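Presented below is the structure to which this report refers.
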Amino acid sequence: MFQEDKLKKVKQEKKKWIEDLAKILSETPERLPRFTTISDLEIKGLYTPEDTKEIDYSRDIGFPGIYPFTRGVQPSMYRGRLWTMRMFSGLGGPEETNKRFHYLLEHGETGLSIAFHYPTLMGYDSDSPMSRGEIGKCGVAIDTLKDMEILFEGIPLDKVTTSMTINPPASILLAMYIVVAEKQGISKKEIGGTIQNDMLKEFIAQKTFMLPPKPSLRIIVDTIEYCTREVPRWNTISISGYHIREAGATAVQELAFTLADGIAYVEAAIERGLNVDDFAPRLSFFFDSHIDFFEEIAKFRAARRMWSKIMRERFMAKNPRSWMLRFHTQTAGCSLTAQQPYNNVVRTAYEALAAVLGGTQSLHTNSLDETYAIPTEEAVTIALRTQQILAEETGVANTIDPMAGSYFVEALTQQVEEQAWDYIRKIDEMGGMVAAIERGFPQAEVADSAYRYQKQIDSGEKVVVGVNKHVTDHPPITIWRMKPEIEERQLKRLREVKQTRNDKKIKGLLQEIRKASQNGENLMPHLINAVREYATIQEICDVWREVYGRYSDPGYF
Amino acid sequence: MERKVRILIAKPGLDGHDRGAKVIARGFRDAGFEVIYTGLHQTPEQIVAAAIQEDVDAIGLSSLAGAHDYLFPKVIELLKEKGAEDITVFGGGIVPEEDIPALTQAGVKGIFTPGTSIEEAVNWVRKNIKPRK
C-alpha cells in the first residue's frame, strides 16, 4: 500500500522503536507472555505499514458495492439504509409469539425472525411422543398452517420480511408462509424473507438433522430451483457460520466451514442444471459476532472478499450480485454468562458494534437473560434499544467501513483470509464438504476447539468476567416461564384441525409428496398443496423419513 | 484395584446443543473415568436401556432447551422401574436456579449450571460416585 522509500523509512524507525521498547520491557514486562484473540491468533503489539505492504488498495480493498466488496456490499451502506433490526423470537404458542412480534414492531424492529420449538425444528408434531416436555419451550410451536395463520395475524406479509430459522422442514414452512400470504391476498412474487435451509451446518454444529446429507441437499436444491422461478424476493438459504461458532469453532473455522458449505450448495444447484447467475444473488449468509472485537470485524471483511472470489473465479459468475456476500449477524450467545447477567448487556453491545463495523445487513442482539430462558419483554427491549442507540446515537453508521486502512485490521483481515483458504483447500482435497462431513472432519475440528477453549477458561488463560475472574454473587433475575396451559391449547388445536380437514384429500396429497420424493420432481408445488389442506409438518416429514431414511448422530466426542 | 468409574453422558430429547456434553465427556475421559456418550436425540427409554446395558455407575444428562423438568425426572422414574435406581443421575446445562429444588426432589444428585469448570465436575464425580459392586 506504500512506496518503497517510505516503507524503508518506516522500517528504520520501527527498528529504533523496538530497541527503545526492549529497554522499557526489561524493567516493566508486558502483562502477558502471549497476546491472542479468543480464537488463539497471536496479536502483535504494534502494526505498521510494513504489515500491509502486500495489500493493493484497488485489488484487495476497493470500494463499497464493487468487487471484491471488502468495504461492503452496497455503495452507500448505512448512509442509504440502516441494517435490518431483526430479533429472533418464538415463545410458547403462535398467540404468544404473535404478541411478541407486534410488540417488537411497535418498538422499532424492522424485520421478523421466527424461532421454532424443537419438535417443529425436527419434523415432529406437538402430539408426538418425541415432543413430550418440549412444546413451546425453545421457540414457537407450529404444527399446521392454522398455527402460521395465527402467528401472522395483523401482520401484512408484503410490508415486512421474515427470517425463519428452520432446516430439515424448511421447505414445508416456506410453503406455509406462501399460503398465509396467498390468504392475505399477497402473491408469492411479492413476499420477502429467508429460510435458513442450510443442512450442512446442521451436521457440523446445530444438529437439528433428520435425513442423511444427500437427500437433505436434494430438498434444498428443490427450494432454490422453485424460488428462483416463483418467489424471486426470497433468500433461499442462509448459509450459517453462527452455529458452527457457537459449537466452539474459532473465527477462522467458522468462516472457512461456512464458505465451504456455500461452495457445496452452489455445486449442487449447478449440477441440477441451474445457471449460477440465476440463483446466486439469493444466497445469503449468517455469522456470529463474538466478543473478540477486531477479529470479528476482520472475519466479516474477509468473508465478503473470499466469497466474491469464489463466485467470480471458481464458479465464473458474471452478475455482480452473484459475487456479493450479504449476511445476517447474531451476537454470540455463547459469550454470555449466567453469572452477573447484567454484564451481558455490555457484551452484546460490543458484539453488535463489531457486526456493524463489519458491514452486516441485519442484526439480532441477544438479551441479558438468555443463559436462563427465552427473553422477557423487558430484556428483549434493552437488546433492541442497544441496536437503536448504535444506529442513531453513536455515529458509527455515518461513514462506510471506518476500520479500513487500519494497519492492524487490514493485516488481520488478510491473516484470517489466508487461514480460511487453507481449510477450504483441505476440504476440496477431501472431495468437498459433504465428504468432509461424512468423515467427521469439521465436527472433530469444532469439538477440539471447544475443548481447548474450555481448558483455557479453566486455567484462567482466557478470562470470562464473573466466571473465572471478578466473581461476586448476584441477585436472581426474573425469567420467562411458559404457562402450562399453552401445551394443552396447542394439542387441542392440533386435534381440532385433524378432525375438521378432509382426510382422504390429505392422504392423496401425501402420496403426491412421496411420489415426487422418489422420482425427483420438484417438491415445492406438492408441499404447498398439502399444507393448504392442513397436512401437518410431521405427516410430511414421516414420508421423507420413510423414503430417505434417518440420519442419526455418530456421537463421537 | 478398584475398577474405573463408568459414566454415560446422555442428551435427552430433541435438543441439539452438544458442545457442553462433548466437552464434559472428554474432560471426564481425561480425568480417568470410562465415558460412553449416547449422541443426540435420545428418549429417556433409550438412555436407561443404554445405562443398564453398559453397566454404568452414573448418568450425566445434558439439556439446554428447557425440557429438563420433564426429561430428567423421567429418566429417574424409568431407572426405578427397571430396578436400576442405584445408578446416580446428575445433570447440567441451561437450568434456572428455581428449577433445581424440584429436580433434586426427583432424585437428581447434582446440577451443573453454566460456568462450571471441568475440574469442578470431575471433583464432584470423585466425591459422589463410586463404582457399583
Side-chain angles (χ1 to χ4, degrees), chain A residues 117-122 124 129-139 202 205-209 243 246-248 333-334 336-339 369-374 443 446-448 450-451 453-455 457-459 464 466-468 471 476-477 479-482 550 552-557, chain B residues 8-30 35-46 50 62-75 92-100 112-122:
Chain A
H117 76 161
Y118 261 104
T120 303
L121 293 175
M122 295 289 291
Y124 294 108
M130 296 301 291
S131 309
R132 286 174 304 180
E134 317 246 16
I135 296 168
K137 289 272 180 68
C138 223
E202 295 298 326
Q206 186 165 242
K207 313 287 171 78
T208 60
F209 37 59
H243 320 87
E246 291 286 303
C334 68
L336 304 187
T337 63
Q339 293 76 10
D369 52 357
E370 290 192 66
T371 50
Y372 290 96
I374 299 282
Q443 299 93 312
V446 173
D448 286 347
Y451 192 56
Y453 179 65
Q454 184 61 46
K455 300 282 258 190
I457 293 174
D458 289 358
S459 71
V464 182
V467 173
N468 65 359
V471 178
I477 53 169
I479 60 168
W480 179 82
R481 312 289 311 189
M482 200 190 78
R550 291 159 190 267
S552 58
D553 183 17
Y556 39 62
F557 62 90
Chain B
L8 181 74
I9 297 295
K11 283 292 300 179
L14 302 176
D15 176 25
H17 299 85
D18 60 357
R19 176 177 179 167
K22 286 181 164 190
V23 164
I24 209 69
R26 209 182 273 203
F28 281 174
R29 189 182 62 193
D30 288 355
V35 180
I36 300 130
Y37 173 49
T38 61
L40 288 155
H41 309 139
Q42 302 293 302
T43 61
E45 290 80 2
Q46 288 171 318
S62 162
S63 165
L64 288 88
H68 53 270
D69 53 356
Y70 169 77
L71 293 165
F72 289 11
K74 186 76 190 170
V75 167
I94 302 283
V95 179
E97 290 288 325
E98 59 198 82
D99 291 0
I100 295 175
F112 300 96
T113 50
T116 305
S117 70
I118 295 171
E119 197 188 345
E120 285 169 72
V122 166

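Since we're looking at a predicted model, the values are computed, not measured. By convention in this document, chain letters (A, B, ...) are assigned in the order of the sequence lines, proteins followed by strands, and residues within each chain are numbered from 1.
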| In this structure, are over 12 heavy atoms from other groups packed under 6.0 Å from B/Glu119 atom CD? | no
Name the member of [options] that forms the most heavy-atom pairs with chain A at distances under 4.5 Å.
options	answer
B/Glu97, B/His41, B/Arg29	B/His41
B/Gly13, B/Gly16, B/Gly27	B/Gly16
B/Pro44, B/Ala25, B/Gly93	B/Ala25

Contact summary for [X] and [Y], nearest pair of heavy atoms:
X	Y	value
A/Glu134	B/Leu71	OE2-CD1, 4.1 Å
B/Asp30	A/Tyr451	OD2-OH, 2.8 Å
A/Ala450	B/Arg19	CB-NE, 3.9 Å
A/Asp458	B/Ile118	OD2-N, 2.9 Å

| task | Would you check, one step at a time, whether the test side-chain contact (heavy atoms from CB on, under 4.5 Å) holds for B/Ile9 with A/Phe557? | result | CA-CA 10 Å; B/Ile9 297 295; A/Phe557 62 90; over 6 Å; no
Given heavy-atom pairs under 4.5 angstrom as the criterion, report whether the side chain, backbone, both or neither of [X] touches chain B.
X	result
A/Pro119	both
A/Met130	both
A/Glu202	neither
A/Asp448	both
A/Ile479	side chain
A/Gln339	side chain

Measure distances from [X] to the heavy atoms of chain A and classify the residue's part below 4.5 Å as side chain, backbone, both or neither.
X	answer
B/Val95	neither
B/Thr43	side chain
B/His68	neither

| request: Using a 4.5 Å cut-off on heavy atoms from C-beta on, say whether the side chain of A/Pro476 contacts that of B/Glu98. | output: no
| task | Would you mind reporting whether A/Lys137 and B/Asp69 have side-chain heavy atoms less than 4.5 Å apart? | result | yes
| message | Checking B/Val23 against A/Lys455 for the side-chain contact (heavy atoms from CB on, under 4.5 Å) test, could you report, in this order, the C-alpha distance in whole Å, the side-chain angles of both residues, the deciding distance, and whether it holds? | response | CA-CA 9 Å; B/Val23 164; A/Lys455 300 282 258 190; over 6 Å; no
| query | What residue, out of A/His243, A/Glu246, A/Met482, A/His117, has the most heavy-atom pairs lying under 4.5 Å from chain B? | reply | A/Glu246
| query | Do you know which of A/Cys334, A/Ala247, A/Ala447 has the most heavy-atom pairs under 4.5 Å to chain B? | reply | A/Ala247
| request: In sequence, state the C-alpha distance, the side-chain angles, and the governing distance for A/Arg481 and B/Asp99, and then conclude on side-chain contact (heavy atoms from CB on, under 4.5 Å). | output: CA-CA 11 Å; A/Arg481 312 289 311 189; B/Asp99 291 0; 2.8 Å; yes
| query | Measuring from B/Leu14:CG to A/Lys207:NZ, what's the distance to the nearest 0.5 Å? | reply | 15.0 Å
| request: For B/Tyr70 and A/Ile135, run side-chain contact (heavy atoms from CB on, under 4.5 Å): C-alpha distance rounded to whole Å, both residues' side-chain angles, the deciding distance at 0.1 Å, then the answer. | output: CA-CA 11 Å; B/Tyr70 169 77; A/Ile135 296 168; over 6 Å; no
